[in-house]
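Note that the coordinates shown come from a computational prediction; the quantities given were computed from them, not determined experimentally.
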Amino acid sequence: MKTELLMIGTELLLGQIQDTNSTWISQTLAEHGIDCYQKTTVGDNRARIMGALDAGLQRSDVILCSGGLGPTEDDITRESIGELLGRPLVFRPEVYDEVLERFAALRRVPTDNNKKQATLPEGAIAITNPNGTAPGVIVEDERGIIICMPGVPHELKSMLLDSVLPYLKAKFRIEGVVHSRVLKVCGLGESRVDDAIGDLMNAYSNPTIGLLASPEFVRIRITAKAESEAAAESLIEPVARRVYERLPDQIMGEGEDTLESKVASLLHARGYTIAVTEIGTGGLIAQRLAQAGNGILVEGRILGGGNVIAAGEGGVDIGRKHMLDCGSTCALVCLYPQEGESAKALFLTPEDSSTWDIDIVGSGHRAQVRLTVNILEQMRRYLSRAD
């Protein structure tokens with residue numbers, strides 16, 4: 001079964017709203033073992049909607065649409081489907097009764113144009129919408145199946161999970177799941193990760209291994225298809241072990257793990273607290289450690305870029321004074337680099353200290369984020385080795 005997405009709405013093309021629906025739909029389909037091959041976005045234009053649907057039906061078995069099901073003149077998804085497939089629109093009293101029930105539950109009064117939401121292409125299946133006034137639509141045609149859902153995210157999510165997925169699984173006899181495990185690598189670029197595990201990526205077909213780079217880390221996604229999540233995980237585990245072996249001490253965490261949560265947990269496990277002094281970094285390190293919780297951040301100080309010190313003897317003095325002033329057991333002092341220099345960080349613990357030189361490319365907030373990530377990753381590795 002081949003599926004594709006058609007996202008409808010001029011506001012999407014103008015960038016007035018972010019298209020979160022297609023990302024969520026794709027992820028959800030994958031989790032249920034359904035492959036999505038293409039996504040198209042069009043504005044509220046009947047000719048373009050019909051053209052996108054016509055092209056999609058030549059490629060795919062199912063087109064999942066979002067948007068254009070409201071009561072206004074520019075909501076033309078139903079009309080576009082009807083014209084393309086040669087199915088006249090038919091007013092459905094039983095569907096309108098559901099629309100009226102929804103308005104009553106919301107304590108709102110419908111207008112005449114809401115009848116449009118109960119006017120569907122001939123032979124279409126209406127999908128109940130318990131979270132809004134726009135019913136969804138399924139049109140089964142000899143060319144393929146078109147499924148239309150509202151553009152409002154919480155309405156779409158409920159409809160996909162409760163109605164559309166059960167329909168697709170029954171229609172196409174879909175069994176099993178697609179399950180992924182994500183490993184996160186910090187401090188290495190995508191090319192270096194690929195160099196370390198590229199042969200593994202080519203060696204497996206189930207599970208598969210893919211890379212996704214971001215400013216903070218590289219995700220290694222290991223994905224398996226199986227009859228259950230537990231069975232998929234049993235396929236993933238030996239592959240994940242091989243990846244860990246190829247990248248010793250480089251994998252920061254998995255899934256929703258964050259650098260700051262890892263560092264905070266390592267500090268908390270030792271009974272440490274920390275005082276952070278940042279020079280020219282905008283306070284990002286202290287902010288992230290505070291968000292991580294565990295009460296490990298006692299105090300964060302932000303100094304301007306004019307307070308230039310070397311993270312050597314001067315840094316030790318600043319760090320120890322900060323520890324004494326606020327009663328923490330550890331201190332971190334970091335200095336944003338001057339032009340042509342490396343950034344510097346000093347980490348003091350009750351036992352010893354470590355100094356790091358960090359090369360940062362670029363300037364501004366993006367460079368501050370990179371520096372923050374690099375310093376937190378250095379702390380994570382340092383504290384992990386101390387285990």
Assess whether a salt bridge exists between [X] and [Y], defined as any Lys/Arg side-chain N lying under 4.0 Å from an Asp/Glu carboxylate O.
X: Glu377; Y: Arg381; value: yes
X: Glu79; Y: Arg46; value: no
X: Arg288; Y: Glu216; value: yes
X: Arg241; Y: Glu237; value: yes
X: Arg242; Y: Asp199; value: no

Side chain proximity check, [X] to [Y], heavy atoms < 4.5 angstrom:
X: Arg380; Y: Leu259; result: yes
X: Lys262; Y: Asp257; result: yes
X: Pro110; Y: Leu100; result: yes
X: Ile197; Y: Leu211; result: yes
X: Cys334; Y: Thr277; result: no
X: Leu235; Y: Tyr204; result: no
X: Arg87; Y: Asp141; result: yes
X: Asp249; Y: Ser384; result: no

Cluster link Phe217 to Tyr382, ILVMFWY, side chain under 4.5 Å: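 Result: yes, single cluster for both.
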Reported [atom1]-to-[atom2] distance for the pair [X] and [Y], which is rounded to 0.5 angstrom:
X: Ile17; Y: Glu11; atom1: CD1; atom2: CD; answer: 4.5 Å
X: Ile63; Y: Arg143; atom1: CD1; atom2: CZ; answer: 8.5 Å
X: Arg370; Y: Asp359; atom1: CZ; atom2: CG; answer: 12.5 Å
X: Leu297; Y: Thr273; atom1: CG; atom2: OG1; answer: 9.0 Å
X: Thr208; Y: Met201; atom1: OG1; atom2: CE; answer: 9.0 Å
X: Leu332; Y: Ile375; atom1: CG; atom2: CD1; answer: 6.0 Å

Residue from [options] passing side-chain contact (heavy atoms from CB on, under 4.5 Å) with [X]:
X: Ile274; options: Ile285, Thr329, Leu267, Val263; result: Leu267
X: Val139; options: Leu85, Leu120, Ile147; result: Leu85
X: Lys321; options: Asp317, Asp325, Ile318, Leu324; result: Asp325

Please determine whether the number of non-hydrogen atoms from other residues, nucleotides or ligands lying under 6.0 Å from atom [atom1] of [X] exceeds 12.
X: Glu256; atom1: CD; answer: no
X: Glu94; atom1: CD; answer: yes
X: Glu73; atom1: CD; answer: no
X: Arg59; atom1: CZ; answer: yes
X: Lys169; atom1: NZ; answer: yes

Out of Arg219, Arg181, Lys184, which residue meets the side chain to side chain donor-acceptor pair (under 3.5 Å) rule with Glu254?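 Between Glu254 and the candidates, side chain to side chain donor-acceptor pair (under 3.5 Å) is satisfied uniquely by Arg181.
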Could you report the tightest heavy-atom contact between [X] and [Y], atom names first, then the distance?
X: Ala52; Y: Val42; result: CB-CG1, 4.0 Å
X: Pro135; Y: Val95; result: CG-CG1, 3.7 Å
X: Met7; Y: Leu12; result: CB-CD1, 3.9 Å
X: Tyr37; Y: Lys2; result: CE1-CG, 3.5 Å

Any chance the side chains of Ser328 and Glu299 put a donor and an acceptor closer than 3.5 Å?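 Judged by distance alone, the side chains do not pair up.
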Can a side-chain donor-acceptor contact be found between Ser191 and Asp194 if the only test is distance below 3.5 angstrom?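 No - no donor-acceptor pair under 3.5 Å links their side chains.
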Side-chain polar contacts of residues 24-34 - donor-acceptor pairs under 3.5 angstrom, sequence neighbours left out - could you list them?
| from | atom 1 | to | atom 2 | distance (Å) |
| --- | --- | --- | --- | --- |
| Ser26 | OG | Ser22 | O | 2.9 |
| Thr28 | OG1 | Trp24 | O | 2.8 |
| His32 | ND1 | Thr28 | O | 2.9 |

Using the side-chain contact (heavy atoms from CB on, under 4.5 Å) rule, take Leu284 and His365 through it: C-alpha gap first, then chi angles, then the decisive distance, then the call. CA-CA 10 Å; Leu284 295 180; His365 180 73; 4.1 Å; yes
